[in-house]
2 protein chains.
Amino acid sequence: MNSAKHPIQAVQRTLDIVDVLKEKREARVTDIADELDFSKGTIHCHLATLEQNGYVVKNGQQYSLGLQFIDLAHHATDRVDIYDITRAEVDKLAAESGEMALFTVEEHGEGICLYKAEGEDAVQTELYVGYRNKLYHTAVGKVLLAFMPEERREEIIRETNFEQITPNTITDPGELRAQLTEIRERGIAYNHEETIQGLVGLGAPIRDQDGTLYGAVSLIGPVSRMEDERLTEELPKLIRRAVNIVEVNITSL
Amino acid sequence: MNSAKHPIQAVQRTLDIVDVLKEKREARVTDIADELDFSKGTIHCHLATLEQNGYVVKNGQQYSLGLQFIDLAHHATDRVDIYDITRAEVDKLAAESGEMALFTVEEHGEGICLYKAEGEDAVQTELYVGYRNKLYHTAVGKVLLAFMPEERREEIIRETNFEQITPNTITDPGELRAQLTEIRERGIAYNHEETIQGLVGLGAPIRDQDGTLYGAVSLIGPVSRMEDERLTEELPKLIRRAVNIVEVNITSL
DNA sequence: ACTGATGTTTGGCACATCCAAACATTTAAT
DNA sequence: ATTAAATGTTTGGATGTGCCAAACATCAGT
């Protein structure tokens, strides 16, 4: 009687422990046992197994995530064929615009930041490589939704829990769909302070000739600099150029 | 009867699966079942559990590592306090020298590359951020061994399986110990084609006032450029400067 | 020395994991 | 088209394992 609805419990427990270590950065056996409501002995065994495999490090009583995850991260990234090319273009984009430039792809209905480049005047955000966010309230997210296959889009929207993060956050699926249609026509998506007050973003999709979506590139900056023609003309132009260069290179993979 | 000697089997199995996915980049249920000699049903359940947690991605029949590991990698790196400072200095070092510059730390008796910067003439190697290697045959490795607590050093050396990778590779624990003593006096370790023929490396430790070891910085280049005064004077000077700047900043953490 | 907290180990029971086999689904071949 | 082969998925049941509670070990503070 094992299926997706019946995950392997021991494994699930270990993954929960990893999650706690991620949140807490460091934790002792008792901390984790309390947090997850398991016996100390159980947690101990799980941690020992993880440590033996190098996925967890023990410093005195404190356990924390091992650096071996970096290795796994590299191999996971390796699957993204356009990574190297896009990275180079995102660097240029950041330099040209002076803002923060990002490369994001979709996985499991979320946007995952794969590369971040900071221009001279880049805003400081909590964004990091590996950061995951919901698609409905970011520029890249809306781009990814707009250009993915319709059935998948509807599936994700259906499962989305719309939260009012800022006054501007879209909370209505209907309105989201309307914006996505616009985005498909315009080729550029905007985020008008929908995630963080004072921050504006804009993004464009990376697609091959068949229209297959590979990811999205975006710029983020303060609302004071992201207005008028710069927002509607200049920056979209820069992004489109960056994206085009990547797209040209897709065919040669 | 569960201890470190008796790891949780279900978890161990899952970790083995992750390992296969890392090696193969993509694999089907049957591939993994054959490789690990388990039933298809078992592998299927493990993969389902991993997928539900976002650690694995399914494309048709092919499973591969999920991008969520990047998130974990970030949080693991977060533990390395000097990461940001060192990264900046390694960038400079690469620019100044034109070679490949690396920042490496020790974990579980291995060297783990945390940052890589490529100068203008940098050699291309298989090295990537997250790459793990044994300590006895690299410059950083020998640095880390030389400056870590003695008991730990001996423990690692004892467990090391010395392989003759190139003609120059050290295969004798005694000779290694002799070199480590030299390195402690000189403050710089060299790798004379001990890992790859034609490649020479040199590294120095990052330590605080108490002598606590934080990691190592190194340069790698072709033997043709790594000789004479450049190798014995110029480059060590550059590395020492980079390391010093990091060390000064440690106290303020 | 004693107390309280923690990490670690132990043994035994409940039940979760694993296997084999059957089924469903896709792909290849005739 | 029809069959054959290979794969992913599901099922039920026997085995053995993961979990808990409790005891033990270790350490810090009083």
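In what follows, chains carry the letters A, B, and so on, assigned in the order in which the sequence lines appear, proteins first and then strands, with residues in each chain numbered from 1. Worth saying up front: this structure is predicted, and the values here are computed from it rather than measured.
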Open item on the list: Would you say CG of D210(B) has more than 12 non-hydrogen atoms from neighbouring residues, nucleotides or ligands within 6.0 angstrom?
Closed with: yes
Task: Nucleotide dC19(D), atom C1' - distance to CD1 of I8(B) in whole Å - done: 9 Å
Open item on the list: Can you tell me if T42(A) touches the phosphate of dC20(D), counting only side-chain N or O atoms and a distance under 4.0 Å to OP1 or OP2?
Closed with: yes
- [ ] Just grab all the side chain to side chain donor-acceptor pair (under 3.5 Å) pairs involving residues 153-164 of chain B, residues at least two apart or on different chains.
- [x] E154(B)-R177(B)
Task: Protein-nucleotide distance (Q9(B), atom CD; dC19(C), atom C1'), rounded to Å - done: 14 Å
Open item on the list: So, using salt bridge (Lys or Arg N to Asp or Glu O under 4.0 Å) as the criterion, who are the partners of D16(B) when residues are at least two apart?
Closed with: none
- [ ] Verify the distance criterion only: is there a donor paired with an acceptor across the side chains of E110(B) and N133(B) at less than 3.5 Å?
- [x] no
- [ ] With rounding to the nearest 0.5 Å, note down the distance linking OG1 in T14(B) to CD in Q12(A).
- [x] 10.0 Å
Open item on the list: Under 4.0 Å, heavy atom to any atom of DNA chain D: which of residues 22-41 of chain A qualify?
Closed with: F38(A), S39(A)
Open item on the list: Expected output is a numbered-order residue list: members of residues 53-62 of chain B with a heavy atom under 4.0 Å from any atom of DNA chain D. What is it?
Closed with: K58(B), Q61(B)
Task: Spacing between I43(B) atom CD1 and dT10(D) atom C1', to the nearest angstrom - done: 16 Å
Task: For the student: nearest non-hydrogen atoms of R25(A) and D81(B), plus distance - done: NH2-OD1, 3.3 Å
Task: Gap between atoms CG and P, on D16(B) and dC18(C) respectively (whole Å) - done: 11 Å
Task: Residues D31(B) and Y63(B): side-chain donor-acceptor under 3.5 angstrom - done: no
Open item on the list: Taking 4.0 Å as the cut-off, does a side-chain nitrogen or oxygen of H46(A) come that near to OP1 or OP2 on dG18(D)?
Closed with: no
Open item on the list: Any side-chain N or O of R13(B) below 4.0 angstrom from OP1/OP2 of dC18(C)?
Closed with: yes
- [ ] Among residues two or more places apart or on two chains, list those pairs meeting salt bridge (charged side-chain N to carboxylate O under 4.0 Å, His left out) that have a residue in residues 41-67 of chain A.
- [x] none
Task: Terminal axis angle for the helix from dA1(C)-dT30(D) to dT30(C)-dA1(D), five pairs an end, nearest 10 degrees - done: 50°
- [ ] Verify the distance criterion only: is there a donor paired with an acceptor across the side chains of N191(A) and T195(A) at less than 3.5 Å?
- [x] yes
Open item on the list: From CD of Q12(A) over to P of dA16(C), roughly how many Å is that when rounded to an integer?
Closed with: 14 Å
Open item on the list: If the cut-off is 4.0 Å, is H44(B) near the phosphate of dT9(D), judged by side-chain N/O to OP1 or OP2?
Closed with: yes
Open item on the list: Distance check, rounded to the nearest 0.5 Å: E150(A) atom CD versus L145(A) atom CG?
Closed with: 12.0 Å
- [ ] Calculate, to the nearest 0.5 Å, the distance between atoms NZ and CG belonging to K22(A) and D19(A) respectively.
- [x] 5.0 Å
